[in-house]
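Each chain gets a letter, A, B and so on, in the order its sequence line appears, and its residues count up from 1. Source: prediction; values computed, not measured.
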Amino acid sequence: MPAPVPIPQSEAELLQRATALAGHTLGAVAIHYGFGLPHTQRRQKGWVGVLLETLLGATAGNRPVPDFEHLGIEMKTLPTDEHGKPRESTYVSTCPMNGTLASSWEDSRVRHKMARVLWIPIVGTGPLHERLIGSPLLWSPSEAEEKVLRNDWETLTDIIVRGEVWNLNARHGEALQLRPKAANAKQLVWVHDEEGNPVQTQPRGFYLRPRFTHGLLKKHFGLS
DNA sequence: GTGTGATCATCT
DNA sequence: AGATGATCACAC
């Protein structure tokens, strides 16, 4: 098994490393690094993300901080079809359902995580080992993009802060949405409803809609 | 139980 | 087909 990948010391080094992986299949790089390759992701949904984090020398583990903490960079794999169209939404972070919800967009987990993101497209719809690692995109939101994210975040957190539990669903938000994020639907947390009474609801997380991530790829790679 | 990494399964 | 709600594995 190859030696562990060292922590990248600069953006340039990280980007160079990611670029070196581009064009290779998941199967090839997994075998090279001694990773077992699952036939399906049915029972290993986070496998691609963990593989790429390892190959790039990420450090955060499961702490709520950027993958490359000293660089302030979050890494996200982005599964796409052959044309670079995202196949899934992108998980951003959990959403605090209690009083610890950030009081402003400026202080929010979403803004901090999205401030600098290394997107790594994973291209293809066939067997996992045949899918290609795409060209990396080191991205920060444009003014327009941040405005959309901020508006969505404020809309969503407002629902929670108001205690409108009945109104929590994935239909809100142009780019950012709230969806269940837990082991299963039986996992519940206590919150306060509109009248301040304790009620239970599912834990949620923030996700980026595919339309938004598709826009990023089109803007930077000029894909149709 | 809560965080990380996400995709799966189903309905419209 | 696209979106929503549900679920899987692992670390701590």
Side-chain angles (χ1 to χ4, degrees), chain A residues 5 18 26 29-30 33 35-69 73-102 108-110 112-114 117-129 131 133-134 152 156 159-160 165-191 200-215:
Chain A
V5 174
L26 289 179
V29 298
Y33 201 76
F35 265 67
L37 197 80
H39 281 90
T40 169
Q41 291 176 100
R42 183 170 313 205
R43 298 181 65 89
Q44 292 185 246
K45 298 180 181 180
W47 184 84
V48 175
V50 173
L51 172 67
L52 269 295
E53 281 184 345
T54 304
L55 295 175
L56 295 174
T59 56
N62 70 330
R63 292 172 302 141
V65 297
D67 294 308
F68 301 93
E69 194 171 3
I73 296 175
E74 176 74 13
M75 187 215 78
K76 291 288 179 194
T77 58
L78 184 55
T80 77
D81 67 13
E82 299 74 10
H83 306 294
K85 182 178 180 182
R87 304 172 64 198
E88 292 283 354
S89 56
T90 301
Y91 171 66
V92 177
S93 72
T94 52
C95 174
M97 300 295 286
N98 54 30
T100 68
L101 191 63
S108 70
R109 290 184 192 177
V110 174
H112 284 109
K113 278 213 171 184
M114 291 294 100
V117 180
L118 182 65
W119 296 100
I120 304 192
I122 303 296
V123 184
T125 55
L128 195 57
H129 69 272
R131 296 181 193 172
I133 299 173
D152 286 344
L156 298 171
I159 293 171
I160 295 172
V165 181
W166 53 271
N167 196 19
L168 284 175
N169 61 53
R171 293 174 176 79
H172 302 288
E174 179 181 334
L176 198 65
Q177 63 179 169
L178 277 177
R179 303 232 301 277
K181 173 62 173 169
N184 56 60
K186 294 173 183 173
Q187 298 290 318
L188 297 171
V189 294
W190 288 100
V191 299
Q200 288 187 301
T201 188
Q202 291 177 263
R204 319 278 164 143
F206 290 105
Y207 292 77
L208 294 175
R209 295 183 182 278
R211 187 171 308 165
F212 182 79
T213 51
H214 194 190

Quick check for you: among [options], whose closest atom lies nearest to any side-chain atom of [X]?
X	options	result
A:Pro180	C:dA3, C:dG5, B:dT4	C:dG5
A:Glu74	B:dC8, B:dG5, B:dT2	B:dG5
A:Asn184	B:dT2, C:dT4, C:dT7	C:dT7
A:Arg171	B:dT2, C:dG5, C:dG2	C:dG5

If each of A:Lys76 and A:Glu88 is mapped to the nucleotide of DNA chain B with the nearest heavy atom, which maps nearer the 5' terminus, i.e. the 5' end?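 Closer to the 5' end of DNA chain B: A:Lys76.
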
Does a side-chain N or O of [X] approach OP1 or OP2 of [N] to a distance below 4.0 Å, or not?
X	N	result
A:Gln41	B:dA6	no
A:Tyr91	B:dT7	no
A:Arg211	C:dA3	yes

Looking across every strand, which nucleic acid part, if any, lies under 4.0 Å from [X] by heavy atom: base, sugar-phosphate, or nothing?
X	answer
A:Ala185	sugar-phosphate
A:Arg42	sugar-phosphate
A:Thr90	nothing
A:Arg209	sugar-phosphate
A:Lys181	base
A:Pro79	sugar-phosphate

Measure the [atom1]-[atom2] distance between [X] and [Y] for me, rounded to the nearest 0.5 Å.
X	Y	atom1	atom2	result
A:Glu69	A:Thr59	CD	OG1	6.0 Å
A:His172	A:Asn167	NE2	CG	3.5 Å
A:Asp67	A:Leu118	CG	CG	9.0 Å

Record whether the side chain of A:Arg179 comes under 3.5 Å of the base of C:dG5 through a donor-acceptor pair of N or O atoms.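 Under the 3.5 Å cut-off, the side chain and the base do form a donor-acceptor pair.
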
Any donor-acceptor N/O pair under 3.5 Å between B:dA6 base and A:Tyr207 side chain: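 Counting by modelled atom types and ignoring angles, a donor-acceptor contact under 3.5 Å is found here.
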
Donor-acceptor check, side chain of [X] to backbone of [Y], threshold 3.5 angstrom: yes or no?
X	Y	result
A:Asp152	A:Ala175	yes
A:Trp47	A:Gly36	yes
A:His129	A:Ala30	no

Those residues of residues 45-55 of chain A lying under 4.0 Å from DNA chain B by at least one heavy atom: A:Lys45, A:Gly46, A:Gly49, A:Glu53

